[in-house]
Amino acid sequence: MKLFYSAEAIVAPHGAGLANLVFSQSGAQVLAITTPYRLSGYHCFYALAHYRPQHSRALLATPVT
């Protein structure tokens, strides 16, 4: 909680750890690393960032098979 609260920028892979966005300050920069497979449907972490309000972006990574 303390790390997210004091962070000006957050870079993390898409996953449950991004639920900690609720502890971050308004105006924080958020970059979620994700794959094209996770872009369809509801984006819960984007919604969290939107309502804080934070600046959220996604970085598309190529899955390794």
Side-chain angles (χ1 to χ4, degrees):
M1 291 186 313
K2 190 174 185 178
L3 278 173
F4 274 74
Y5 181 79
S6 62
E8 293 178 18
I10 299 161
V11 179
H14 178 90
L18 284 175
N20 290 307
L21 288 175
V22 299
F23 302 116
S24 57
Q25 297 284 330
S26 294
Q29 302 288 321
V30 179
L31 179 63
I33 303 168
T34 188
T35 65
Y37 305 118
R38 294 189 185 264
L39 285 181
S40 61
Y42 181 70
H43 310 296
C44 57
F45 302 122
Y46 179 80
L48 280 175
H50 173 75
Y51 289 109
R52 289 295 301 147
Q54 299 159 336
H55 306 284
S56 180
R57 298 287 181 260
L59 174 66
L60 288 179
T62 304
V64 176
T65 56

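Small disclaimer: the values here were computed from a predicted structure and weren't measured.
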Minimum heavy-atom distance [X]-[Y], with the two atoms named:
X   : Y   : result
P13 : L18 : O-CD1, 3.8 Å
A7  : A28 : O-CB, 4.0 Å
A58 : L31 : C-CD1, 4.1 Å

*asked:* For L60 and T35: C-alpha separation, side-chain torsions, deciding distance, then whether side-chain contact (heavy atoms from CB on, under 4.5 Å) applies.
replied: CA-CA 5 Å; L60 288 179; T35 65; 6.0 Å; no
*Please tell me if the side chains of S24 and I10 come closer than 4.5 Å, counting only heavy atoms from C-beta onward.*
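Yes - at least one pair of side-chain heavy atoms lies under 4.5 Å apart.
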*asked:* In the structure I gave you, are the side-chain heavy atoms of L21 and V30 within less than 4.5 Å of one another anywhere?
replied: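 The answer is yes, as the side chains (C-beta and beyond) meet within the 4.5 Å cut-off.
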*Following the transitive rule for hydrophobic clusters with a side-chain heavy-atom cut-off under 4.5 Å over Ile, Leu, Val, Met, Phe, Trp and Tyr, establish whether F4 and M1 coincide in one cluster.*
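The answer is yes; both residues are in one hydrophobic cluster.
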*Going by distance alone, is a donor N or O of one side chain under 3.5 Å from an acceptor N or O of the other, for S26 and Q54?*
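There is no such pair between these side chains.
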